[in-house]
Amino acid sequence: MNASAPTTVRTRFAPSPSGHLHVGGARTALYCWAYAKARGGSFILRIEDTDQKRSSHAASLGFLEDLRWLGIDWDEGPEFEDCGGGEFGPYFCSKRLDIYHSYIDKLLSEGKAYRAFETPEELQKARKEARANKQNYRYDRAALNLDQATIDKYLAQGKPNVVRFKLPNDQPVTIEDKVRGSVTVDPQELDDFVILKADGFPTYHFAVVVDDELMNISDVIRGQEHLNNTAKHVLIQDALSFKHPNFAHISLIFNPDGSKMSKRDKDKALRKVVKERNIIDSPCDVVNEDWSWWLESKDHQLDIEKATALAETLDVALPEINVDDFRRAGYLPEVLINYLALLGWSPGNDVEKFDREFLVENFSFDRVIKSPAKFDRDKLLAFNLDAIQALSTDEFVKLWRDHCNCYHKEFMDKLSDEQFEMLAAANHPRAKTLDDTFKSSYFFIANDDEIVYEKTKAVRKALCNGEPSGFEHLTALEPLLSQINDWDIQNIKSVVEEYAGQNAAGKLGKVAQPLRIAVSGGPVSPAIFETLTILGRDTVINRIKLCLKVQSDMLSNSNA
RNA sequence: GACCCCAUCGUCUAGUCAGGUCCAGGACAUCAGGUUUUCAUCCUGAAGACAGGGGUUCGAAUCCCCUUGGGGUCGCCA
């Protein structure tokens, strides 16, 4: 190849569809995408479903949705909305079996690979023994010494077998990594690893090398956990006379406690609770049929719906690790993108807030941080708050409505369009996420008899203390509000403000807070005039009366 | 355990490659004041780090070595 010839940049993200897209994967995809975009290249999505036991079609669909939601589009790959397609498919490994087999055959016929007949159990045992003896386990190459007659006999018997790659020599393998520089792996650290499983599927190591070559991938960008594996990949590439792509291994994302943030964290959290509480039988119908299978091995993971159902039954909060978790929690995709990009990369000059375009224009591997980063939810939340506050009211209302449609349908059902719009707008200034205001807005859709007056310090203070007290203000306000014919924010405001001017020395808070509690049951709501307007006169009057009814109860407990 | 990677405030980082302008800058979190009709915001200020030890150098956060600490890998998972 001519050294000066421009090489087309082609990057790929190759997840295994065994769950939802988690934030680490999302960041890898983001870097792949930005790097390709900036250089006029292509970003390819490939589904690495080489594990039949763990792959599911639904999971791979979830990945596509998550990626699209983040605004990461792919030029080639599974077709979804306006993304995907391409000439280098199929983009599912499970549909490329013939291709892998032809290369396996090639290696086999050239003596660069060989069949082995040990069972997984035998290997497991050998590994255990090696560890017990404080030895590093390496496959002993027993199968390499099998004579052809024996092999033929086993094959004729249909004995399960795998294909192993034969390490060519003892030359150290050096990897040039764009993040880490040059890394050398001693071949003593490797052994004749499996490249074709007994079920006829290739292992990841083999599939990834073949696919990257055939799909013309120029830059392999992936998590640091693959750094050691890369030596294997280079060896396979050499054996097959493939070229070496550029490598870039980015560091991992940690949980706040310093452990690796992993797609298995939810599963781990559930197992911990089950163990702690000594739960023997399935506590939740949804998981009944998977229960014993799940308990059997840490490799067996419940799918996300079942895990969520189990978590609900057990009343445990699952850690937020998936892109979809943050979507539900009301984070804006552009904020997640921004934050994720910053977690492992920095544009310098104290720049922190930026959009996708800026990322594409400025992203480069020489500014990728080598050390792992902890995922800091507080900072993400602060970013989200800033972004939400920077939205126009119209934009916020639209997003709030979309979110509501997906996750809080009851608000759409119970409020009129006008009420809904007003509530959304009233919630804008106090929203940190698209989701957090729903919880404190429940009283808007509750029936009057559902309102429970909290007997907390803040409530008592607002209702019982002062001269006149909050209850006294409410008593006086009730007839005044009843007389308002046009129940709009202006009229409510002038009545309440005039009252406060005459009876609370102009201190609106003295009057607003009792009203707030009367209509909501607690001390938290959107701005008071908006709140009263949305609720409507009848509801407001009715709830003030209800509140006044608990007066004696509240007062009698006030010194307790 | 072996191998690989990494190391600046509690956290994310700027500064490191081209050593002096850094008694180390920003952001989040924290704390103290202030604004505000609640919650949330918002404003002002404070505290807070070059893991340790050796070198090299006139000079080291920056270069080298060791130690320590953290992480990853060691699967018929990816």
Side-chain angles (χ1 to χ4, degrees), chain A residues 14-18 48-51 53-55 116 118-120 123-124 127 130-131 133-138 160-164 177 179-180 183-186 188-191 193-199 201-205 207-208 222-229 231 249 251-252 254 256 258-260 263 299 339 342-353 366 369-383 385 389 427 429-432 436-437 440 458 462 496-497 500 507-513 515-517 520 522-529 531:
Chain A
S16 69
S18 53
E48 209 86 21
D49 54 351
T50 51
D51 185 350
K53 291 188 284 293
R54 259 177 282 206
S55 298
E118 292 84 357
T119 65
L123 295 170
Q124 182 70 10
R127 275 190 203 99
R131 180 150 285 205
N133 296 329
K134 299 196 170 182
Q135 299 275 307
N136 274 338
Y137 174 78
R138 294 180 88 204
N161 66 90
V162 300
V163 175
R164 284 181 183 270
D177 190 273
V179 174
R180 297 179 196 271
V183 177
T184 301
V185 177
D186 194 296
Q188 294 298 314
E189 300 305 319
L190 304 174
D191 68 354
F193 53 94
V194 173
I195 54 178
L196 188 74
K197 305 183 231 180
D199 65 2
F201 274 62
T203 58
Y204 165 77
H205 303 302
V208 79
R222 70 212 334 177
Q224 198 216 248
E225 71 266 31
H226 288 298
L227 187 55
N228 285 298
N229 292 331
H249 287 93
S251 53
L252 303 173
F254 288 172
S259 62
K260 175 189 167 190
K263 55 188 172 188
D299 281 343
Y339 180 71
L342 211 50
L343 206 63
W345 175 79
S346 160
N349 294 111
D350 294 335
V351 175
E352 289 204 309
K353 303 278 181 69
D366 48 24
I369 288 108
K370 294 175 173 183
S371 46
K374 288 179 188 166
F375 194 91
D376 181 359
R377 275 149 230 255
D378 285 336
K379 187 155 181 169
L380 208 215
L381 186 63
F383 273 35
L385 171 132
Q389 294 311 318
N427 271 325
R430 54 200 294 273
K432 288 183 170 184
D436 59 356
T437 46
S440 59
V496 175
E497 278 181 345
K507 287 185 177 165
L508 189 58
K510 293 283 176 207
V511 180
Q513 201 57 357
L515 277 171
R516 185 181 326 274
I517 292 163
S520 74
V524 175
S525 89
I528 191 64
F529 300 123
T531 299

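We name chains A, B, ... by the order of the sequence lines, and we start the count at 1 in each one. Source: prediction; values computed, not measured.
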Colleague: Looking at A:K197, I want to see if its NZ is surrounded by more than 12 non-hydrogen atoms of other residues, nucleotides or ligands under 6.0 Å.
Modeller: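 Buried by this count: over 12 neighbours within 6.0 Å.
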Colleague: Does B:G1 have OP1 or OP2 sitting under 4.0 Å from an N or O in the side chain of A:R127?
Modeller: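 Indeed not, no polar side-chain atom of A:R127 lies that close.
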Colleague: Which nucleotide sits closest to the side chain of A:S346: B:G70, B:C77, B:A14?
Modeller: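 Closest nucleotide to the A:S346 side chain: B:A14.
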Colleague: Would you mind classifying the nucleic acid contact of A:T50 as base, sugar-phosphate or nothing, using non-hydrogen atoms under 4.0 angstrom?
Modeller: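 Sugar-phosphate, backbone atoms only, no base.
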Colleague: Starting the side chain at C-beta, find the nucleotide from B:A14, B:U73, B:C42 nearest to A:L385.
Modeller: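 Of all the options, the side chain of A:L385 is nearest to B:C42.
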Colleague: Under the ring-ring contact (aromatic ring centres under 6.0 Å, His included) rule, collect the residues that match up with A:F254, sequence neighbours excluded.
Modeller: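 Partners of A:F254 by the ring-ring contact (aromatic ring centres under 6.0 Å, His included) criterion come out as none, since no residue qualifies.
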Colleague: Pairs under 3.5 angstrom, nitrogen or oxygen only, protein versus nucleotides 50-52 of chain B, please.
Modeller:
none

Colleague: A:V185 near the nucleic acid: base, sugar-phosphate alone, or nothing, with a heavy-atom cut-off under 4.0 Å?
Modeller: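 Touches nothing.
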Colleague: Tell me what A:P526 touches on the nucleic acid: a base, only sugar-phosphate, or nothing, going by heavy atoms under 4.0 Å.
Modeller: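 Base contact.
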Colleague: Does a side-chain N or O from A:K432 land closer than 4.0 Å to OP1 or OP2 of B:U41, or not?
Modeller: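 Yes, A:K432 has a side-chain N/O under 4.0 Å of OP1/OP2 on B:U41.
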Colleague: Could you please name the option among B:A40, B:G71, B:U73 that lies closest to any side-chain atom of A:R430?
Modeller: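 Output: B:A40.
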Colleague: Choose from B:G72, B:C76, B:C28 the nucleotide whose nearest atom is closest to any side-chain atom of A:A382.
Modeller: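 My answer, after comparing the listed nucleotides, is B:C28.
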Colleague: Where the side chain of A:L123 is concerned, which of B:C76, B:G72, B:A27 is the nearest nucleotide?
Modeller: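 Comparing B:C76, B:G72, B:A27 against the side chain of A:L123, the answer is B:C76.
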Colleague: For nucleotides 7-12 of chain B, tabulate all protein N/O to nucleotide N/O atom pairs closer than 3.5 Å, reporting atom names and distance.
Modeller:
from  : atom 1 : to     : atom 2 : distance (Å)
B:C12 : OP1    : A:K374 : N      : 3.1
B:C12 : O2     : A:K379 : NZ     : 3.3

Colleague: Nearest to the side chain of A:R131, which nucleotide is it out of B:G1, B:A78, B:C42?
Modeller: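 Ranking B:G1, B:A78, B:C42 by closest atom to the A:R131 side chain puts B:G1 first.
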Colleague: Can you tell me which nucleotide in B:C28, B:G1, B:A78 comes closest to the side chain of A:D378?
Modeller: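 Ranking B:C28, B:G1, B:A78 by closest atom to the A:D378 side chain puts B:C28 first.
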Colleague: Whole angstroms only, please: what is the NZ-P distance between A:K134 and B:A2?
Modeller: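 Between P of B:A2 and NZ of A:K134: 9 Å.
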Colleague: Which nucleotide sits closest to the side chain of A:H205: B:G71, B:A78, B:U73?
Modeller: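 Comparing B:G71, B:A78, B:U73 against the side chain of A:H205, the answer is B:A78.
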Colleague: Under 4.0 Å from OP1 or OP2 of B:C77: is there any side-chain N or O of A:K197 that close?
Modeller: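 Answer yes for this pair, as a side-chain N or O of A:K197 is under 4.0 Å from OP1 or OP2.
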